[in-house]
Every structure is written in C-alpha cells, then in structure tokens.
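Below, all heavy atoms of this structure are taken into account, side chains as well, without hydrogens, waters or symmetry copies. Starting from 1, each residue takes its place in the sequence as its number.
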Amino acid sequence: MSSIPQMAGNQNFKAFVFDFDINQQRIRDLIFQFWARKGGPEREDKVSLELTEEILQSMEVGLAFRDYNGRISSLDFHKASSYVVTASDDESIRLYDVSTATCLKTINSKKYGVDLVCFTSHPTTVIYSSKNGWDESLRLLSLNDNKYLRYFKGHHDRVVSLSLCSRKECFISGSLDRTVLLWDQRAEKCQGLLRVQGRPATAYDDQGLVFTIAFGGYIRMFDARMYEKGPFDIFSVGGDMSDANVVKFSNDGRLMLLTTTDGHIHVLDSFRGTLLSTYNVKPVSSNATLEASFSPDGMFVMSGSGDGSVYAWSVRSGKEVTSWLSTESEPPVIKWAPGSLMFATGSSELSFWIPDLSKLAAYVGGRK
C-alpha cells in the first residue's frame with residue numbers, strides 16, 4: 001500500500017484500517033500537521049484551517065491500532081499534551097502519544113477490570129472505574145510507575161458516568177446504584193451525594209462552575225458551589241424518557257448534548273434550555289453506551305450508532321453532513337482532539353481520523 005486510502009462519506013471504514021507498521025512516516029506527518037498543540041516543533045508545511053463541512057467529509061483514518069483483544073470502552077484526550085488514553089474489555093489501559101503515533105505504555109487491570117477512564121490535569125495520571133462486578137471503587141492511577149495513588153469508595157453498582165473538572169481537582173461520577181457522587185482528587189471520601197431516579201449521565205462545564213445530571217427525560221443544572229440547594233434549572237428533552245447515556249457541554253459552554261439508549265442525540269442551548277435539534281441513529285442495547293462529541297468549535301456533532309456507524313451533523317443547519325458505515329454491531333466511543341482537526345473512535349480498534357490532504361489541497365486552491 002503506497003498511500004493512505006481516501007475515504008468518502010457513506011463508506012465502510014473498517015476495510016480501510018491498517019496496522020501501524022504501514023507508512024509510518026506518512027502517518028506521523030499527517031498526524032503532526034493537524035495536531036494543533038503548544039510546545040511542539042514548528043513546521044513550514046503545517047496546515048491551518050477552520051473545520052468546514054467539506055473538510056469533515058474528507059476525513060479518513062490516518063492511523064489505527066488493531067492489537068486489542070476486546071472492545072474499547074472509553075478514551076480520552078489530555079487537554080494540554082498530545083497524549084491519549086484508552087480503556088478496553090481486555091482489561092488494559094493504554095497510553096498513546098499522537099504526535100509520534102506510538103503506544104507509550106500498556107497497563108493491565110486484571111483484578112479490577114476497567115471501564116471508564118479520564119485524564120487528570122497531569123498527562124500520566126488517570127482516574128478509572130472498575131468492571132469486575134464486585135468492587136465499584138474509582139482509582140487514581142499513575143501511569144508512570146503503575147501505582148495507585150488513591151481509592152474512591154462509595155458506589156455500590158457499576159459507574160456509568162465520569163467527568164473531571166478541567167480547572168479544579170474535583171470530579172463527578174454517576175452509577176447504576178442511582179447516586180451521583182462529588183469528589184476531590186485529594187480525598188478518599190466523597191464530598192457530596194445526590195440521589196437520582198434512573199441511570200445518570202453527568203458532566204462539568206469547562207469552567208467548573210456548573211455541572212449537570214441527566215436522567216428520566218430531563219437535564220438538571222447545578223451550581224457547583226451550591227449544589228446542596230438543588231438544580232437551579234431543569235431542561236426537558238422533548239419527551240425522550242429512555243435511559244440517558246452521555247451528556248456534554250461544548251467548549252464555549254453555550255451548547256450541551258445528551259444521548260439516550262433509544263438512539264437520540266439532543267442538542268440544547270445550555271443557557272435557555274431550548275431544544276435546538278434531535279438527531280436519530282440506531283438504538284443501543286442496555287449495556288452499551290451511545291457516545292457523541294462536539295467538534296472543538298461547537299459547530300458539529302459526531303456520534304456513534306447502535307449499528308457501529310459514525311455520523312456527523314451541522315449544529316447550525318441540523319442536517320447530516322456525512323457518515324461512515326461499519327460492520328461493527330456496537331456503537332464506537334468517539335472523541336474530538338482538543339483544538340485539532342482530528343477525532344478518534346474506539347471499537348475493536350483505535351482509529352485516528354484526519355482530513356485527506358489531497359482533497360484539502362483542491363479545497364484550498366479552489367478558495368484562493
């Protein structure tokens with residue numbers, strides 16, 4: 001194979017995935033050009049473009065890691081480095097450096113299993129949830145030396161939502177035991193407890209001033225400094241009473257999205273609670289999670305689907321922009337790289353998606 005295969009919308013992306021040892025330098029160049037990070041070496045040929053529908057439609061798999069022995073259940077990009085972390089059903093936690101397209105470390109969690117994983121502010125420290133059915137503690141883990149720094153005990157059933165505050169040392173978790181717990185990374189005991197009436201989805205806004213809890217067809221907004229007083233606002237998602245899966249804020253905090261098991265992705269104005277759009281995909285099973293992600297500028301929403309496909313919509317028009325079909329039978333996890341023209345999907349393999357340079361060259365030339 002002499003070049004990275006082009007990928008248009010509505011194609012089967014699994015057929016285009018390849019192992020890392022093919023075209024290593026070409027992949028590194030592609031990843032580097034679109035990894036907009038501080039502190040990295042400068043390149044004269046670096047491409048700087050805003051994300052548009054044309055660019056989104058040109059995106060293809062630029063790099064994939066296929067050595068997983070189970071499905072990827074969670075992935076996260078570190079906000080201030082080029083690191084990515086994954087958790088998978090093969091009970092492994094893996095750390096990657098996207099700027100060099102390499103896997104830096106694999107840590108096995110055979111005793112506890114691993115389900116959800118998130119970076120702390122430190123690029124080699126993570127918090128993750130268990131998946132063994134008997135110990136639902138959360139764990140603060142140093143990836144440098146594979147040492148547990150702290151255990152967070154309080155949940156009595158599977159943790160299905162985990163969100164870290166990017167500006168403080170606090171985080172929030174939601175469980176099938178119908179509790180939402182608020183934590184400080186520096187203390188083992190939870191700092192607050194909220195009871196819910198269903199499967200909860202939780203998220204902090206980027207400033208750490210507000211957090212939200214979604215369940216039972218509604219999104220409840222809390223002031224992080226006065227959460228004991230209850231929600232200061234409650235938003236409806238149009239009568240969708242199916243289980244909440246994922247709730248997220250856009251980077252600027254103006255928008256939020258909620259996914260549900262019935263295959264709905266609701267986009268709302270986070271200040272007024274107005275339901276702006278609802279996108280529909282194949283429903284997911286009760287033990288799966290439908291994940292969606294805003295693009296860094298908040299102009300597009302990417303989502304998995306119950307049939308394994310990936311879809312993209314324009315927030316402004318509410319219309320589908322493109323899709324990539326799959327032979328997978330479960331929804332992939334999906335995350336945008338902060339400040340970059342790249343997103344990642346995790347299923348039975350980890351894939352990084354970037355624009356097709358040949359299409360971009362034609363696009364730039366046509367706009368001059």
- Message: Check whether T102 reaches the backbone of L104 with its side chain - one donor and one acceptor, N or O, closer than 3.5 Å.
- Response: no
- Task: Would you indicate whether the side-chain heavy atoms of Y311 and L325 approach each other to under 4.5 Å?
- Result: yes
- All pairs passing salt bridge (Lys or Arg N to Asp or Glu O under 4.0 Å) where residues 92-101 contributes a residue, at least two apart: D67-R94, D90-R94
- Nearest 0.5 Å, what's the OG1-CG distance between T125 and L140? 6.5 Å
- Message: Using every non-hydrogen atom in the two residues, find where L290 and G263 come nearest and quote the distance to one decimal.
- Response: CD2-CA, 3.8 Å
- Message: Suppose clustering is done on Ile, Leu, Val, Met, Phe, Trp and Tyr with side-chain heavy atoms closer than 4.5 Å. Which residues sit in the same group as I172?
- Response: V180, L182, L194, V196, Y204, F211, I213, F215, F222, Y227
- D89 vs Y68 side-chain heavy atoms within contact, under 4.5 Å: no
- Query: Would you say W183 and Y148 are hydrophobically clustered, going by side-chain heavy atoms of ILVMFWY under 4.5 Å?
  - Reply: no
- Rounded to the nearest 0.5 Å, how far does CD1 of I265 lie from CG of L257? 8.5 Å
- Kindly write out the residues that satisfy side chain to side chain contact (heavy atoms under 4.5 Å, CB included) with T124, not counting sequence neighbours, or none if the list is empty. Y83, L95, H122, L143, N144
- Item | Gap separating the OG atom of S82 from the CZ atom of F77, nearest 0.5 angstrom | 10.5 Å
- Item | Sub-4.5 Å side-chain heavy-atom contact between D262 and D240 | yes
- Message: Hydrogens and angles aside, do W324 and S309 bring a side-chain donor and acceptor to less than 3.5 Å of each other?
- Response: no
- Query: Should the pair R254-D269 be classified as a salt bridge under the 4.0 Å nitrogen-to-oxygen rule?
  - Reply: no
- Query: Taking only residues two or more places apart in sequence, or in another chain, which ones meet P283 in a side chain to side chain contact (heavy atoms under 4.5 Å, CB included)?
  - Reply: none
- Message: Exactly one of L116, V159, I127 should register a side-chain contact (heavy atoms from CB on, under 4.5 Å) with S173. Which one does?
- Response: V159
- Sub-4.5 Å side-chain heavy-atom contact between V84 and D76: no
- Report whether V117 and L149 are members of the same hydrophobic cluster (ILVMFWY, side-chain heavy atoms less than 4.5 Å apart, transitive linking). no
- Using the rule that two of Ile, Leu, Val, Met, Phe, Trp, Tyr join whenever any of their side-chain heavy atoms come within less than 4.5 Å, decide whether V114 and L164 are in one cluster. no
- Under 3.5 Å donor-acceptor, S161 side chain and A201 backbone: no
- salt_bridge(R178, D157) N-O dist < 4.0 Å: no
- Interatomic distance, OG@S277 vs CZ@R316, rounded to 0.5 Å, equals 12.5 Å
- Under 4.5 Å between side-chain heavy atoms, hopping through other hydrophobics if needed: is there a path connecting V98 to L63? yes
- Item | Where G304 and P332 come nearest, the two heavy atoms and their spacing | CA-CD, 3.9 Å
- Does anything in residues 163-176 pair up under salt bridge (Lys or Arg N to Asp or Glu O under 4.0 Å), and if so which pairs, sequence neighbours excluded? R167-D206
- Can F352 be reached from V333 by stepping across I, L, V, M, F, W or Y side chains whose heavy atoms are under 4.5 Å apart? yes
- Message: So does D205 get a backbone contact from the side chain of Q207, meaning a donor-acceptor N/O pair under 3.5 Å?
- Response: no
- Between S92 and S88, does a side-chain hydrogen bond (donor to acceptor under 3.5 Å, both in side chains) hold up when you go through it step by step? CA-CA 6 Å; S92 71; S88 67; 3.1 Å; yes
- Message: Holding to ring pair (Phe, Tyr, Trp, His ring centres under 6.0 Å), I want the full list of residues that pass it with H266, two or more places apart in sequence or in another chain.
- Response: H264
- E349 vs F65, side chain to side chain contact (heavy atoms under 4.5 Å, CB included): CA-CA, chis, key distance, verdict: CA-CA 6 Å; E349 58 235 351; F65 293 85; over 6 Å; no
- Does D177 use its side chain to pair, donor to acceptor, with the backbone of H156 at less than 3.5 Å? yes
- Task: For K110, check side chain to side chain contact (heavy atoms under 4.5 Å, CB included) against everything at least two apart and list the hits.
- Result: E91, N108
- In a check of side-chain hydrogen bond (donor to acceptor under 3.5 Å, both in side chains) between S130 and each of E136, R158, H155, R139, which one passes? R139
- Item | Residue pairs passing the ring pair (Phe, Tyr, Trp, His ring centres under 6.0 Å) test where at least one lies in residues 267-297, sequence neighbours excluded | Y279-W313
- Tracing side-chain links under 4.5 Å among I, L, V, M, F, W and Y, which residues wind up in one group with I234? Y218
- Residue pair I93 / L141, side-chain heavy-atom distance below 4.5 Å: yes
- Side-chain cluster (under 4.5 Å, hydrophobic types only) that V246 belongs to, other residues: none
- Task: Decide, yes or no, whether a salt bridge links R71 with E330 under the criterion of side-chain N to carboxylate O below 4.0 Å.
- Result: yes
- Task: Determine the interplanar angle of the H78 and F119 rings, folded into 0 to 90°, and report it as parallel if under 30°, tilted if 30 to 60°, perpendicular if over 60°.
- Result: perpendicular
- Query: When rounded to the nearest 0.5 angstrom, what is the spacing between CD1 in I334 and OG in S305?
  - Reply: 11.0 Å
- Message: Treating S270 as the side-chain partner and G253 as the backbone partner, does any N or O pair qualify as donor plus acceptor under 3.5 Å?
- Response: yes
- Query: So do the side chains of V321 and Q57 get within less than 4.5 Å of each other, counting heavy atoms only?
  - Reply: yes
- Message: Ring centroids only, cut at 6.0 angstrom: are Y128 and Y112 within range, meaning strictly under it?
- Response: no
- Query: Are any non-hydrogen side-chain atoms of N245 and T260 less than 4.5 angstrom apart?
  - Reply: no
- Message: With rounding to the nearest 0.5 angstrom, report the OH to SG distance, Y96 to C103.
- Response: 4.5 Å
- Task: Report yes if some heavy atom in the side chain of C170 is under 4.5 Å from a heavy atom in the side chain of Q191; otherwise report no.
- Result: no
- Task: Give the other cluster members for M256, using side-chain heavy-atom distances under 4.5 Å between Ile, Leu, Val, Met, Phe, Trp and Tyr residues; answer none if it is isolated.
- Result: L209, V210, I219, M221, F232, F235, V237, V247, F249, L258, L268, L275
- Query: Is it true that a side-chain atom of S250 and a backbone atom of L255 form a donor plus acceptor pair closer than 3.5 Å?
  - Reply: yes
- Task: Using modelled atom types only, decide if a donor and an acceptor are shared between the side chain of N132 and the backbone of G113 within a distance under 3.5 Å.
- Result: no
- Message: Going by salt bridge (Lys or Arg N to Asp or Glu O under 4.0 Å), name the pairs with one or both residues in residues 277-300, residues two or more places apart or in two chains.
- Response: K248-E291, E291-K335
- Note on the structure: Scanning both residues in full, the closest heavy-atom pair of N280 with T278 reads OD1-CG2, 3.8 Å
- Query: Passes side chain to side chain contact (heavy atoms under 4.5 Å, CB included), E328 versus S348? Steps please.
  - Reply: CA-CA 8 Å; E328 300 273 352; S348 58; 2.8 Å; yes
- Message: Using side chain to side chain contact (heavy atoms under 4.5 Å, CB included), reason through R195 and L193 one step at a time and then give a plain yes or no.
- Response: CA-CA 7 Å; R195 299 192 183 278; L193 182 152; 3.6 Å; yes
- Query: Is atom NZ of K153 surrounded by more than 12 heavy atoms (other residues, nucleotides or ligands) closer than 6.0 Å?
  - Reply: no
- Task: Compare every heavy atom of P296 with every heavy atom of S340, then report the nearest pair and how far apart it is.
- Result: O-CG, 3.8 Å
